[in-house]
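To keep things clear, I will list the structure first and then write my remarks on it.
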Amino acid sequence: MPPRAQPGEGIVVVVDVGPGVRAGTDVTFYSQSKKCLTNILQRKMFAEKCRDRVGIVLFGTNGTSNHLSQADQYQHITVMRELQTVDWEVIAKVDQFPYGNTSGDWLDALVVAMDLLHDPDGEQFSSKKIVLFTDFSGEFSDDQTLKIISGLKNQGIELSIIGPEIMGNGDDSEDENMDEPGPSSGLNSKLNGKTSVPQNWNGKPKSPVQLAGEALVTRIVAEVDGIICSFDEAIPQLICFQKKSSGSASWNTVLDIGPNFQIAITGKIKVKHSTLPTWKKMHAHDDSAAFMSEVSYHRHDDAQTAVDKEEVIPGYKYGTTLVPFSDEDAQMKYQSNSPRSLSIVGFTSSSNVSHQRRAGDQVLIISAREGDEAAAVALSSMIQALEELDMVAVTRRIYNKNSNPVMGALFPDITANYECLIWIPLPFQDDVRMYTFPSFQRIIEKLKDSETKAMDDLISAMDLSCQDEEGEEELEPMGILNPQLQHFFNVLTHRAIHIHDPIPPPAPHVIDILEPPDCVCEARDRVASSIKAHFPTKRIAKKTKRDTEDLFASNDDDENKKKSKQDEDHSASATDLTRHLVTQVTSATPVQDFLALLGGEAPNFNLICKQLGEVVLQLMEGFGDGDSTNDALMAKVLECLSTFRRESCSIDPSTYNKFVPGLKEAVSNLRLLHLWDRVKESGLGMISIEENPRSSVGREAVVAFLQIDQQSQQPVPQPQAQNDDVEDLLDDL
């Protein structure tokens, strides 16, 4: 039988929904409670392999629904949700919490929550917790206080109070009159010799009932070793999602050193690249439930044409060429029949394995197999030897029988508490990319001492290794969350609850992850003035081909071409490096291809415009007969015409003016009156002499050209019946 799954944590959230927590116009205690509860549920929802169960109890409701309710006990308390794993339904319900018109007893609500967590066998939950949201503004009865304290202790339930700002809670400040007697109710406190009343969350003075409730809950929390925190303390800790900490699975194998020496070892993942979850098989209440997946294949065209699975084969992209990969080609794959292993190929100096040579997406910790004393002694000797000789071991690792071999290096790691080997993957020669950059040596030699000192001060000021007062490193990797995952979970929750709303922008706390620390910015600003003084900058306006070209010059003017070529921007970007090579204008991306060809070296403008014109006419034939057009196809045609006209107006208007008569003829033949109306509305007619003096077309001719003969739009009359032709054929016979 498979091992039984470990039970998760049991959590009951108790929320006050009475009228007291809603006594506000903007941000209320009620809205803050909903926000915190939503964050708690989200953290449980997105935690991997989370088996925690959450229940929700509301008090202050108009009705009563709980197992302990009697005629006059446990009234206005509703169990909204029994202890269950978190799903989207409960998160959506929190957004629609009911309002209550009467206050409930928060002590009775605690008893109802304890009843939900009752686990006599101790096998349901690994731990138990109650989280209470209330400002203690409702009436309560303290006759069961001792029983509640005893029950919390006996059941091992942790108690957390979130929301109230209790005076003196966690305050270590000294008071000169601390030992003086004062009122037991805590109604008044002295501040600067004057009597003041504690303020509530809405700015109003706290009532005697609130002060008495805070005093009682402080006593309960002290007895059961619980916690009390305000919203300002709780929300920053709850808004961030963190994966549930879980140990790595052990990778047991042997470390081969030569053919006759082996050490039994265990590998565990220490660092691994974090990726977004697929959500294909997550958060199912029944672990044995069957998952049904449907896969369909479609062409990359406007109609998204479906394709049978039998007609699809995998392929690889080599440059701009797709290379098919059939089942016969799969036989050429490397077949590793070796079992899992870690073999040492040789040893080398640690200086030969620099940081830039370390690859892969994970780091393993290699230790001796548990319980094997001989392996522990042998591995310890090897670790000590590598440390003393400043060497590393180059290894060949096979994860399992069907895995490809991976090269890696074993680094010794010795501390006061442990010693182990750290395995980091290494690249093959094909994975290495060599980049050459010009040397800065000549520039450095020209620097003055003051300029060098200014740059040294900037580097020292922005040093992250020791910035805060405690000497801890800023932006330490172990304490920085992945902003991509944080934003993904926020967006996923928002879309699940608000289906039709647009995706929200990144939350402020996600943006804060990407911001530099304040101490670094302050230190940077202190030396920025010195950097500006020693290294002044000025804005350089980039000269483009269009700015420097003489619009009146001939296309064959060699000197103009030379000047335009010299003024071109030769700077390269990452997009330029990854863009595919464009050789002609295609119907898939005509505008992009047209502009790419124009931006090439010594473009032939007339030839490129001819190609774009042919693509436009080809796209028009896709409309079909008559005036029934495709909106997407029409938008593409209009975009091509607009780009064609704009570039021709700047370079050579005669090219476009020679094309549009053929366009008009095609519109007449295909009876695309609707397309011609769009051409007139968009002003895509001939280029007049007013727009470019090089044009030979006047304003009147442009207006006349846009008028199309309506008679040409009439359908061609069908021929008469074929009876006469049939009779003629019979006569011929």
- Considering only heavy atoms from C-beta outward, does the side chain of L447 approach that of M455 to under 4.5 Å? no
Original post:
More than 12 non-hydrogen atoms from neighbouring residues, nucleotides or ligands closer than 6.0 Å to CG on D361, yes or no?
Top reply: yes
Hits for ring-ring contact (aromatic ring centres under 6.0 Å, His included) against H534, two or more places apart or cross-chain, chain-then-number order -> none
Quiz item: Hey, is the main chain of C519 close enough, under 3.5 Å, to the side chain of R524 for a donor-acceptor pair?
Solution: no
One should read off an interatomic distance between I531 CD1 and D457 CG, to the nearest 0.5 angstrom, of 7.5 Å
In terms of heavy-atom contacts, H494 and P504 come closest through ND1-CD, 3.6 Å
Taking every heavy atom of P483 against every heavy atom of I513, the minimum-distance pair comes out as CD-CG2, 4.1 Å
dist K93:NZ -> T38:OG1 (nearest 0.5 Å) comes out at 14.0 Å
Across all chains, not counting sequence neighbours, the salt bridge (charged side-chain N to carboxylate O under 4.0 Å, His left out) partners of K532 are none
*For residues R699 and E690, determine if any side-chain heavy atom of one lies less than 4.5 Å from a side-chain heavy atom of the other.*
yes
So CD of Q584 and CG of L607: to nearest 0.5 Å the spacing works out to 10.0 Å
Scanning both residues in full, the closest heavy-atom pair of P516 with C521 reads CG-SG, 3.5 Å
What do you reckon, is CG of D449 surrounded by more than 12 foreign heavy atoms closer than 6.0 Å?
no
With sequence neighbours left out, the residues meeting ring-ring contact (aromatic ring centres under 6.0 Å, His included) with Y297 are none
Taken in chain and number order and not counting sequence neighbours, the residues that satisfy salt bridge (charged side-chain N to carboxylate O under 4.0 Å, His left out) with K610 are none
Decide if atom NZ of K272 counts as having more than 12 heavy atoms of other residues, nucleotides or ligands within a radius under 6.0 Å.
no
| message | Please verify the inter-ring angle class for F659 with F644; under 30° counts as parallel, over 60° as perpendicular, anything in between as tilted. | response | tilted
Where the side chain of N692 meets the backbone of C649, is there a donor-acceptor pair that is under 3.5 Å apart?
yes
Here the pair of heavy atoms bringing F594 nearest to I608 is CD1-CG2, 3.4 Å
Closest non-hydrogen contact found for Q611 with V585 is OE1-N, 3.1 Å
Closest non-hydrogen atoms of T493 and W88, given as atom of the first, atom of the second and distance, are CA-CZ3, 3.8 Å
Between Q356 and S354, does any side-chain donor sit less than 3.5 Å from a side-chain acceptor?
-> yes
Practice task
Tell me, yes or no, whether the heavy-atom count around E665 atom CD, taken from other residues, nucleotides or ligands under 6.0 Å, exceeds 12.
Solution key: no
One should read off an interatomic distance between I497 CD1 and Q96 CD, to the nearest 0.5 angstrom, of 9.5 Å
For F428, the ring-ring contact (aromatic ring centres under 6.0 Å, His included) test, sequence neighbours excluded, returns none
**Prompt:** So do S696 and I689 actually touch side chain to side chain, heavy atoms under 4.5 Å?
**Reply:** no
**Prompt:** Counting only N and O atoms by type, is there a donor-acceptor contact under 3.5 Å from the side chain of E691 to the main-chain atoms of S688?
**Reply:** yes
Q) Is there a side-chain contact between F605 and L598, using heavy atoms and a 4.5 Å cut-off? A) yes
query = Side chain of K664, backbone of F705: donor and acceptor closer than 3.5 Å?
reply = yes
Flag, side chain of W676 to backbone of L706, donor-acceptor distance under 3.5 Å:
yes
- [ ] Please report the C-alpha distance between V307 and R299 in whole Å, then the side-chain angles of each, then the deciding distance to 0.1 Å, and finally whether the side-chain contact (heavy atoms from CB on, under 4.5 Å) criterion is met.
- [x] CA-CA 7 Å; V307 180; R299 295 184 183 274; 3.5 Å; yes
Okay, side chain of Y656, backbone of C609: is any donor-acceptor separation there less than 3.5 Å? no
ask   = Is any side-chain heavy atom of L675 less than 4.5 Å from a side-chain heavy atom of M634?
value = yes
d(L684 CG, E639 CD) to nearest 0.5 Å is 11.5 Å
Notebook entry, point to check: Within the side chain of R358, is there an N or O that forms a donor-acceptor pair under 3.5 Å with the backbone of L426?
Noted result: no
Taking C-beta and beyond as the side chain, do L663 and L641 meet within less than 4.5 Å on heavy atoms? yes
- Message: Could you check whether any side-chain N or O of N657 sits under 3.5 Å from a backbone N or O of M686, counting only pairs where one atom can act as donor and the other as acceptor?
- Response: no
Side chain to side chain donor-acceptor pair (under 3.5 Å) pairs touching residues 302-318, sequence neighbours excluded, are D301-T305
**Backbone N/O of V697 and side chain of S695: donor-acceptor pair under 3.5 Å** = yes
Result for side-chain contact (heavy atoms from CB on, under 4.5 Å) between L617 and one of E621, E614, M620 points to M620
One should read off an interatomic distance between K658 NZ and D652 CG, to the nearest 0.5 angstrom, of 7.5 Å
>> Any heavy-atom pair between the side chains of V702 and I687 that's under 4.5 Å?
In response: no
Is the shortest side-chain heavy-atom distance between P603 and L597 below 4.5 Å? no
Review point. Sub-3.5 Å donor-acceptor pair from the side chain of S31 to the main-chain atoms of V27, do we have one?
Key: no
